[in-house]
Amino acid sequence: MLPTIEWKDDRIIMVDQRKLPVEEIYHELKTFEEVAEAIEKMIIRGAPAIGIAAAMGIALGYKNLGKDDKNAFLNICERLSKTRPTAKNLFWAIDRMKIKYESSQGKSYGEKSKALIEEALEIEREDVEMNKKMGEFGNSLIDNGDTILTHCNAGALATGGYGTALGVIRAAHFSGKKIRVFADETRPFLQGARLTTWELLKDGIETYLISDNMAGFFMKKGEIKKVVVGADRIVANGDFANKIGTYSVAVLAKEHGIPFYVAAPYSTFDLSLRSGEEIPIEERNRNEVLVINGKRIAPEEVKIKNPAFDVTPSRYVSGIITEKGVILPPYEENIKNIIGDK
Ligand code: MRU
């Protein structure tokens with residue numbers, strides 16, 4: 001499995017996720033500004049992955065300063081925090097880099113720079129470990145013979161490796177369970193069609209691509225036994241933001257009595273927000289909806305809305321799979337107990 005992002009010789013290498021699976025193009029980024037733009041343009045995407053990219057971008061930006069300058073360091077952090085608003089993991093990773101900077105006071109510039117690089121790599125390593133633990137906990141919810149629906153891409157490409165929702169699916173598959181996956185194509189950016197199917201097929205998992213409007217049809221026919229998705233931000237009452245379209249899938253799942261699980265590490269939780277209504281939702285460029293593969297599909301002058309995420313109320317969630325265990329309702333209380341005050 002190719003790494004989503006890699007620190008190599010004071011450069012950041014990342015695969016261009018806009019081009020997969022047709023082309024495998026790698027970018028070598030030399031400045032924090034290039035990293036910020038890569039996050040904005042979704043060369044790299046997925047909540048944990050953009051957190052790791054931001055942490056590496058900060059380490060790279062500080063290294064390029066050539067000397068200690070706290071204001072410049074904070075400006076780099078500020079720039080990266082302006083890239084995408086919804087995923088908590090981005091802000092969590094930036095805060096962790098700030099804490100590392102503060103705790104390195106009294107060290108030489110070279111030592112501080114090394115500590116920041118090491119912290120970014122540690123964030124990446126921890127993420128993969130958490131995904132594997134989530135996989136184990138999540139696997140206990142999957143039965144042999146299940147067909148699982150997933151939305152967007154919550155796989156290796158969206159994380160440091162292995163994946164959150166796809167980590168659960170991988171764990172079930174590699175534990176010997178015979179499972180099938182239905183991947184929603186995930187308009188408008190097509191993460192499900194382009195990235196999820198590509199990842200799962202590489203692991204030899206039986207995968208069906210469906211367009212987003214087909215989920216209800218297959219649920220009604222009784223073909224889908226579980227839904228597992230990732231998350232960009234989970235708040236204190238268990239409401240969560242994930243890729244646009246997740247809410248519709250959750251409502252459909254409840255209507256058909258299908259268990260609906262969310263898989264996410266503690267870096268996705270934002271206990272400072274009490275309900276999902278408070279989560280900032282990113283609005284992206286109109287061309288993502290208007291243009292497919294370079295071809296316009298509607299009149300140029302049509303008005304367009306393009307929210308990148310939606311919020312699913314926790315009453316639709318059967319369980320939240322974390323690296324610390326599966327959190328069940330009542331969420332307010334159990335999230336506090338398992339994730340703690342962050
Ligand atoms: O806009 P994206 O592609 O960054 O959105 C990604 C998602 O919504 C994922 O489902 C989420 O980040 C969980 S990834 C482990």
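Ligands are counted one by one from 1 in listed order, and the atoms in each one are counted from 1 as well.
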Mind listing the N or O contacts between ligand 1 and protein, cut-off under 3.5 Å?
residue	atom	partner	partner atom	Å
ligand 1	1 (O)	Arg84	NH1	3.4
ligand 1	1 (O)	Arg84	NH2	2.8
ligand 1	1 (O)	Lys243	NZ	2.7
ligand 1	3 (O)	Arg45	NE	2.8
ligand 1	3 (O)	Arg45	NH2	3.2
ligand 1	3 (O)	Gln191	NE2	2.8
ligand 1	4 (O)	Gly46	N	2.9
ligand 1	4 (O)	Arg84	NH1	2.8
ligand 1	8 (O)	Asp232	OD1	2.8
ligand 1	8 (O)	Asn242	OD1	3.2
ligand 1	8 (O)	Lys243	N	3.2
ligand 1	10 (O)	Asn242	OD1	2.7
ligand 1	12 (O)	Ala47	N	2.9
ligand 1	12 (O)	Asp232	OD1	3.3
ligand 1	12 (O)	Asp232	OD2	3.0

Please tabulate, for side-chain N and O atoms in residues 246-253, each donor-acceptor pair with protein atoms closer than 3.5 Å (sequence neighbours left out).
residue	atom	partner	partner atom	Å
Thr246	OG1	Asn242	ND2	3.0
Thr246	OG1	Lys243	O	2.6

For residues 133-141, please give each side-chain donor-acceptor pair under 3.5 Å, one per line with the distance, not counting sequence neighbours.
residue	atom	partner	partner atom	Å
Asn139	OD1	Lys177	NZ	2.7
Asn139	ND2	Ser175	OG	3.2
Ser140	OG	Phe137	O	2.6

**Message:** Would you compute the distance between atom NE2 of His151 and atom OG1 of Thr186 and round it to the nearest 0.5 angstrom?
**Reply:**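 Going from NE2 on His151 over to OG1 on Thr186, the span is 4.5 Å.
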
**Request:** Check Ile258, Val262, Val317 against Val227 for a side chain to side chain contact (heavy atoms under 4.5 Å, CB included) and give me the one that passes.
**Result:**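 Of the listed options, the one satisfying the test is Ile258.
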
Could you go through residues 291-304 and list every donor-acceptor pair under 3.5 Å that involves a side-chain atom there, pairing it with any protein atom two or more places apart or in another chain?
residue	atom	partner	partner atom	Å
Arg296	NE	Glu300	OE1	3.4
Arg296	NH1	Ala298	O	2.8

**Request:** Please work out which of the three classes, parallel, tilted or perpendicular, describes the rings of Phe240 and Phe260, given edges at 30° and 60°.
**Result:** tilted

